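Please read the structure below before turning to the comments.
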Amino acid sequence: MTINLQSKTLESLQRLIDVVAQLRNPEGGCPWDLAQTPESLTPYVLEEAYEVVDAIQQGDREHMAEELGDLLLQVVLQSQIFSETDAFDLGDVAQGIAEKLIRRHPHVFGDSQAATPEEVHVTWEAIKAAEKGNQDEQTLTSKLARYGRTLPPMTATMKISKKAAKAGFEWETLDGVWEKVEEELGEFRHALAHESAENQAAEFGDVLFSLMQVARWCDIDPVAALQGTNRRFVQRFGLLEQSAEKPLDDHSIEELEALWQHAKRKIAGEG
């Protein structure tokens, strides 16, 4: 049964590889797929990854399989594009990650011992550091820079600030964090009134970064918090739209505000 299942899986994967190769075939392929580059596909990689996360959170297994397929397509398509210049192919990608997993799990594939997830993490990080083999890569600054390059902005901010705080770069009290928020808000307001668009964006980023420190101090997951706000906004807006008796842009802002407040009360069970 296991052999048959593996054979079916490999057959399906090979079919996907063949389909993508045909889409990229200059003779009879798809013009859109042929026009793509690794850079042009980057937004789709991110989008599909987020859609996988959403499907998992929703608990819809059928939807999960579809979204994982879309993400797998991005891996296969990127690999196909690079194979066309003999850089590497999907086999190299799979072989590389398999070898990495074996190296970093000596407690499974070797003689080491690791009985808890915490012990596994220590071993993983030690092997990872040894693989880097570059002293510059071991500095805290280089690690923070890598987080900033490779993680979604909010996740990067939390990881950067946690690592910096662990190294001692930290406020003594939450009041100090709030003072920083107020300071950054003042600088942002000044930039809006007197400075360039570039400086305004920079100061706005500083405001967000400082607010994220409040979240860190209060053990709040900012990503989950914002996702919750987005869901609530859409839910309230949906009720607002249902309650409107004419197109939304025909309402005054006062009318829309009244509808909004009614939606909030209805969701809260107040009528």
Side-chain angles (χ1 to χ4, degrees), residues 42 45-46 49-50 52-54 56-57 71 96-97 99-191 198-231:
T42 299
V45 176
L46 296 172
Y50 277 113
V52 167
V53 172
D54 178 64
I56 292 172
Q57 292 175 338
L71 184 58
I97 188 59
E99 291 176 355
K100 180 187 291 186
L101 289 172
I102 292 170
R103 284 197 310 272
R104 296 188 183 181
H105 290 82
H107 52 289
V108 176
F109 301 102
D111 300 326
S112 297
Q113 299 294 319
T116 67
E118 291 75 20
E119 290 177 353
V120 171
H121 179 73
V122 171
T123 301
W124 178 283
E125 290 299 323
I127 295 172
K128 182 179 177 181
E131 288 173 352
K132 297 297 182 182
N134 185 330
Q135 187 59 40
D136 290 341
E137 190 65 21
Q138 303 313 308
T139 66
L140 180 56
T141 299
S142 65
K143 293 179 181 179
L144 301 186
R146 187 171 68 252
Y147 299 148
R149 292 193 311 269
T150 61
L151 297 175
M154 274 195 174
T155 304
T157 294
M158 292 300 280
K159 196 149 188 175
I160 288 170
S161 56
K162 284 179 180 179
K163 291 290 186 180
K166 188 175 180 180
F169 195 71
E170 178 67 296
W171 289 272
E172 293 183 358
T173 66
L174 180 58
D175 287 341
V177 186
W178 278 116
E179 288 175 6
K180 187 62 176 176
V181 171
E182 294 298 332
E183 174 189 328
E184 298 297 352
L185 278 171
E187 292 179 1
F188 177 50
R189 292 191 187 98
H190 182 273
E198 182 179 359
N199 286 346
Q200 292 170 11
E203 295 298 345
F204 182 66
D206 289 347
V207 171
L208 292 179
F209 191 94
S210 60
L211 278 173
M212 296 274 284
Q213 306 318 304
V214 175
R216 178 172 60 82
W217 268 73
C218 298
D219 292 323
I220 294 171
D221 181 343
V223 175
L226 187 56
Q227 287 174 332
T229 296
N230 288 340
R231 286 193 296 270

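Model, not experiment: these values are computed from the prediction. Because only heavy atoms are used, hydrogens play no part in the values below, and waters and symmetry mates are left out as well, while side chains stay in.
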**Asked** Is R189 close to L185 at the side-chain level, that is, under 4.5 Å between some pair of heavy atoms?
**Response** yes
**Prompt:** If you look at every heavy atom in I102 and F109, which pair is closest and at what distance?
**Reply:** CA-CD1, 3.7 Å
**Request:** Tell me, with the steps shown, if V53 and Q57 meet side-chain contact (heavy atoms from CB on, under 4.5 Å).
**Result:** CA-CA 6 Å; V53 172; Q57 292 175 338; 3.8 Å; yes
**Complete:** Smallest heavy-atom separation, M158 atom then P222 atom, equals CG-CG, 3.7 Å
**Smallest separation among heavy atoms of R216 and A165, with atom names** = NH1-CB, 3.5 Å
**Item:** salt bridge (charged side-chain N to carboxylate O under 4.0 Å, His left out): pairs with one or both residues in residues 100-112, sequence neighbours excluded
**Value:** R103-E131, R104-E131
**Atom pair CG/CG of L226 and D221 - distance to nearest 0.5 Å** = 10.5 Å
**Asked** What residues, two or more places apart in sequence or in another chain, satisfy side chain to side chain contact (heavy atoms under 4.5 Å, CB included) together with E179?
**Response** none
**Asked** Around atom NE2 of H121, are there more than 12 heavy atoms of other residues, nucleotides or ligands at under 6.0 Å?
**Response** no
**Item:** Minimum side-chain heavy-atom gap T157-Q213 below 4.5 Å
**Value:** yes
**Fill in**
All heavy atoms of V45 vs all of L71, minimum pair found to be O-CD1, 4.0 Å
**Residues, nucleotides or ligands: over 12 heavy atoms within 6.0 Å of Y50 OH** = no
**Complete:** CZ (R146) and CG (L151) are apart, to the nearest 0.5 Å, by 9.0 Å
**Message:** Using 0.5 Å steps for rounding, measure from the NZ atom of K180 to the CD atom of E182.
**Reply:** 12.5 Å
**Interatomic distance, L46 atom CG to T42 atom OG1 [nearest 0.5 angstrom]** = 7.0 Å
**4.5 Å side-chain heavy-atom contact, E119 and H107** = no
Between side-chain atoms of residues 202-212 and protein atoms elsewhere (two or more places apart, or another chain), which donor-acceptor pairs fall under 3.5 Å?
| from | atom 1 | to | atom 2 | distance (Å) |
| --- | --- | --- | --- | --- |
| S210 | OG | D206 | O | 3.2 |
| S210 | OG | V207 | O | 2.8 |

**Asked** W217 versus E170: any side-chain heavy-atom pair under 4.5 Å?
**Response** yes
**Item:** Heavy-atom side-chain contact between C218 and L174 under 4.5 Å
**Value:** yes
**Asked** Just wondering, do P106 and I127 contact through their side chains at under 4.5 Å, heavy atoms?
**Response** yes
